[in-house]
Amino acid sequence: MTGRIDLGLFRPPIDQRELESLCVLQEPLVAAIGSDDPRARQRALRLQDFDEKPFIMYSTDGARYFHDLVTGLLTERAARRTFST
């Protein structure tokens with residue numbers, strides 16, 4: 001054993017300055033919505049479809065990556081909406 005790794009699987013973000021990476025899989029981010037919700041009839045949802053709507057979020061304890069991903073997307077969306085001209 002040389003102490004080197006020839007191959008590894010990870011989820012971004014990761015510091016890639018010393019790594020060569022290739023995307024091997026992209027997972028869809030899905031929403032679980034009640035059948036009586038008007039959004040359930042839509043083929044696709046946009047971030048603005050969740051504006052001012054309560055929802056359950058990934059916890060920082062069990063899924064830090066997804067919590068940060070979703071929080072970042074919603075924060076970015078809110079910033080664009082607030083500061084757009």
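Predicted model only: the values in this text are computed from it and were never measured. Positions are given from 1, in the same order as the sequence printed here.
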Would you mind writing out the side-chain donor-acceptor pairs for residues 27-39 within the sub-3.5 Å range, not counting sequence neighbours?
| unit_1 | atom_1 | unit_2 | atom_2 | d |
| --- | --- | --- | --- | --- |
| E27 | OE1 | R11 | NH2 | 2.8 |
| E27 | OE2 | R11 | NH2 | 3.2 |
| D37 | OD1 | R39 | N | 2.7 |
| D37 | OD1 | R39 | NE | 3.1 |
| D37 | OD2 | R39 | NE | 3.4 |
| D37 | OD2 | R39 | NH2 | 2.8 |
| R39 | NH1 | D49 | O | 3.2 |

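In the hydrophobic clustering of ILVMFWY residues, with side-chain heavy atoms under 4.5 Å counting as a link, F66 and L47 come out together.
Annotation: L25, atom CG; neighbour count of heavy atoms from other residues, nucleotides and ligands within 6.0 Å is above 12.
At a threshold of 4.5 Å between non-hydrogen side-chain atoms, the residues T71 and M57 count as touching.
Remark: F50 engages no residue in a ring pair (Phe, Tyr, Trp, His ring centres under 6.0 Å) (not counting sequence neighbours).
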